[in-house]
Amino acid sequence: MSNILSIQSVTKFYGKIRALNQVSFEVPAGSVFGVLGPNGSGKTTLLGIVMDVLKASGGRYSWFGEPPSEKQRQKIGTLLETPNFYHYLSGERNLRIAAAIKGRGTEDIPRVLEMVKLTERKDSKFSSYSLGMKQRLAIASCMLGDPQVLVFDEPTNGLDPVGIAETRETIRQLAREGKTILLASHLLDEVEKVCTHVAILQRGQLLMAGDVNEVLMNEDFVELGTGEGLQAKLQGLLAGLPGVRQVKPYDQHVQVFFEKGVMDTGELNRYCFENGITLTYLQLRKRSLESKFMELTEEKNKSGAAVAR
Amino acid sequence: MLNLLRIEWMKVKNYRTFWILLAIVIVSVPGLSYMIFNIMDNSFPKAKNGKSILGSPFAFPDAWQSVSWNSTLLFILPAILIITLTTNEFTYKTHRQNIIDGWSRKQFIGVKLVEVFLLSLLSTFVVLLTVLGFGYIANKVPAGISVWQGSRFLFFYFVQALSYFTIAFLLSMLIKRSGLAIGAFLIYMLLENVVVGIFHNIYHINAMEYMPEEVTDRLIPFPYIKALLDVGRWEHLIPGYLAGAAVYLFIYCLVMARSFLRNDL
């Protein structure tokens with residue numbers, strides 16, 4: 001599969017602050033690619049750089065395998081940070097300007113207005129719109145001309161629960177149509193629900209990037225339970241098992257984390273039995289992106305603290 | 001470029017502030033000259049033959065110089081128009097959106113420079129109409145002189161307008177806020193006059209004539225008391241003033257391009 005966007009070692013300094021540090025990843029065609037990170041992690045900075053509103057301090061990026069140019073941006077529907085429109089013009093007139101800049105005709109405007117349910121208010125000035133309506137107009141503007149690639153930065157910002165659900169459905173619909181979507185969010189469940197790929201950023205550092213299933217797969221772990229008093233023995237036993245990454249007690253049970261792709265629950269059960277422990281409880285768990293995210297950022301914080309010391 | 005201008009037109013054609021400011025810019029040119037004309041006509045003693053002691057500054061050929069000079073007093077008005085339109089883009093962050101939607105940074109800055117040029121042309125055209133109005137309607141065309149004698153002042157006005165308007169545009173690109181940019185424009189206009197006044201007129205440092213605004217100001221000398229001007233020296237220095245104006249215009253564009261093409265938006 002070819003890559004729509006390729007980012008190589010992009011670094012960005014704001015004065016002495018390093019907002020992005022050597023970030024590299026590829027966005028495959030047809031993927032819904034989530035860029036995940038807490039506020040201030042560099043998501044918007046990264047998207048700003050690939051849309052040429054910010055200048056990278058180092059590194060390169062390419063769209064559609066070519067060096068960046070304004071012609072490529074015309075083919076991408078982008079919602080970056082906040083909706084930016086002329087306050088004194090109506091919603092429709094604003095869309096006309098956006099369509100003209102993208103080099104498209106005006107015939108698509110009624111469709112996108114209907115899509116975000118702004119047809120009735122199309123002649124009202126942008127300044128009279130509510131926050132949610134502004135956001136919806138921005139989404140409409142992205143859809144102009146039915147682009148094959150979309151970039152959304154916090155698309156559900158300012159929307160009410162219905163608007164959030166509708167926007168997510170829109171994104172899923174776009175994904176079903178085979179469009180490539182780059183979605184930045186600090187809302188983990190948003191990313192988890194719609195994304196096929198994910199990159200996790202923290203303080204400008206790329207912690208992990210790849211297929212959502214791959215990222216989550218090495219998160220598979222097993223919770224085991226055994227008779228009273230045997231927990232310590234079980235822990236010791238598991239620690240010696242090849243492929244085990246981490247063993248830790250959790251309530252009455254023991255959680256065992258494996259290296260990627262080596263876990264076999266049947267094998268595990270037999271191993272314990274043969275070594276004199278009968279399991280009373282065995283549960284395969286898949287971690288949510290949220291716990292993965294917390295773990296990654298915690299590890300990062302610890303190692304950061306260690307370096308500081 | 002025509003397509004870019006069409007999009008810029010879409011931005012302003014339904015913007016009431018734009019039309020109000022433009023109307024003020026257009027009306028103020030004949031308005032101010034008419035005020036000065038009236039004052040001169042009514043307030044100064046006339047000689048026995050009915051002629052003003054100041055001559056006929058609003059008849060051909062002097063009307064070219066007088067109206068052009070009067071109109072340079074009004075540069076703040078088109079400057080406000082330019083600053084408002086430019087800083088709106090920063091206030092609404094539409095400069096970012098235009099780039100995101102598919103303009104290059106060069107296109108954004110290029111079309112705005114063309115607009116500054118067009119506004120200078122328009123304002124020069126209004127001055128032309130005003131000159132013709134005074135020359136033909138308010139006064140009789142004196143016998144034996146060509147109507148176009150002195151029309152080079154119209155070109156000097158254009159150069160001066162282009163220079164001032166580009167400064168206004170540069171300030172709004174650098175400062176990004178309308179109030180501050182208008183303030184900076186006014187302060188610079190006054191400050192330069194004061195500095196030139198002190199160093200040129202008191203300490204006789206002639207190089208002060210080549211300050212950014214002074215160099216274009218000198219193209220159109222004060223029209224009403226001709227004895228103040230050393231005409232020979234002025235004629236001799238005109239090419240230097242024009243060259244100075246061109247150099248400054250180049251510098252303004254360079255500074256703007258450096259800041260807008262290289263920095264974060």
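Excluded from the calculations below are hydrogen atoms, water molecules and symmetry mates; all remaining heavy atoms, backbone and side chain alike, are included. Convention: sequence-line order gives letters A, B, ...; per-chain numbering from 1. Values in this document were obtained by computation on a predicted structure and should not be read as measured data.
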Given a strict heavy-atom distance threshold of 4.5 Å, which part of B:Asn88 is in contact with chain A: side chain, backbone, both, or neither? side chain
Greatest number of heavy atom pairs closer than 4.5 Å to chain A - which of B:Ile100, B:Asn263, B:Ile7, B:Thr91: B:Ile100
Specify which of B:Arg262, B:Arg105, B:Gln107 makes the most heavy-atom pairs with chain A at under 4.5 Å. B:Arg105
Hey, what's the ring geometry for A:His87 with B:Tyr92, parallel, tilted or perpendicular (30° and 60° as the breaks)? parallel
Closest heavy-atom pair, B:Leu265 versus A:Asp52, reported as atoms and distance to 0.1 Å, is CD1-O, 4.5 Å
List the atom of B:Leu261, the atom of A:Lys55, and the distance in Å for their closest heavy-atom pair. O-CE, 3.2 Å
Can you confirm whether A:Arg60 is buried at CZ, in the sense that more than 12 heavy atoms of other residues, nucleotides or ligands lie under 6.0 Å from that atom? no
I need the minimum non-hydrogen distance between B:Arg96 and A:Asn84, along with the two atoms involved. CB-ND2, 4.5 Å
Decide if atom OH of B:Tyr34 counts as having more than 12 heavy atoms of other residues, nucleotides or ligands within a radius under 6.0 Å. no
If you draw a 6.0 Å radius around CD in A:Glu177, do more than 12 non-hydrogen atoms from other residues or ligands fall strictly inside? yes
So, A:Tyr88 side chain and B:Lys11 main chain: donor-acceptor pair closer than 3.5 Å or not? yes
Over 12 non-hydrogen atoms of neighbours within 6.0 angstrom of OH in A:Tyr14: yes
Value for NZ (B:Lys93) from OG1 (A:Thr82), rounded to nearest 0.5 Å, stands at 4.5 Å
Step through the shown structure and confirm whether more than 12 heavy atoms of other residues, nucleotides or ligands are within 6.0 Å of CZ on A:Arg172. yes
More than 12 heavy atoms of other residues, nucleotides or ligands under 6.0 Å from CZ of B:Phe199: yes or no? no
So with a 6.0 Å cut-off around CZ of A:Arg93, is the heavy-atom count from everything else above 12? no
Quick one: does B:Asp264's side chain get under 4.5 Å of A:Lys12's, heavy atoms only? yes
CG/B:Asp101 to CG/A:Leu80 distance, rounded to the nearest 0.5 angstrom? 11.0 Å
Can you see which heavy atom on A:Tyr86 is nearest to which on B:Glu89, and at what distance? OH-OE1, 2.7 Å
If every non-hydrogen atom of A:Phe85 is compared with every non-hydrogen atom of B:Thr94, which pair is closest and at what distance? C-CG2, 3.6 Å
Is A:Leu89 close to chain B through its backbone or its side chain, or both, or neither, when contacts mean heavy atoms under 4.5 Å? side chain
All heavy atoms of A:Ala100 vs all of B:Arg6, minimum pair found to be CB-NH2, 4.1 Å
Does B:Phe117 have more than 12 heavy atoms from other residues, nucleotides or ligands lying within 6.0 Å of its CZ? no
Can you tell me which portion of B:Arg16 sits under 4.5 Å from chain A's heavy atoms? Options are side chain, backbone, both or neither. neither
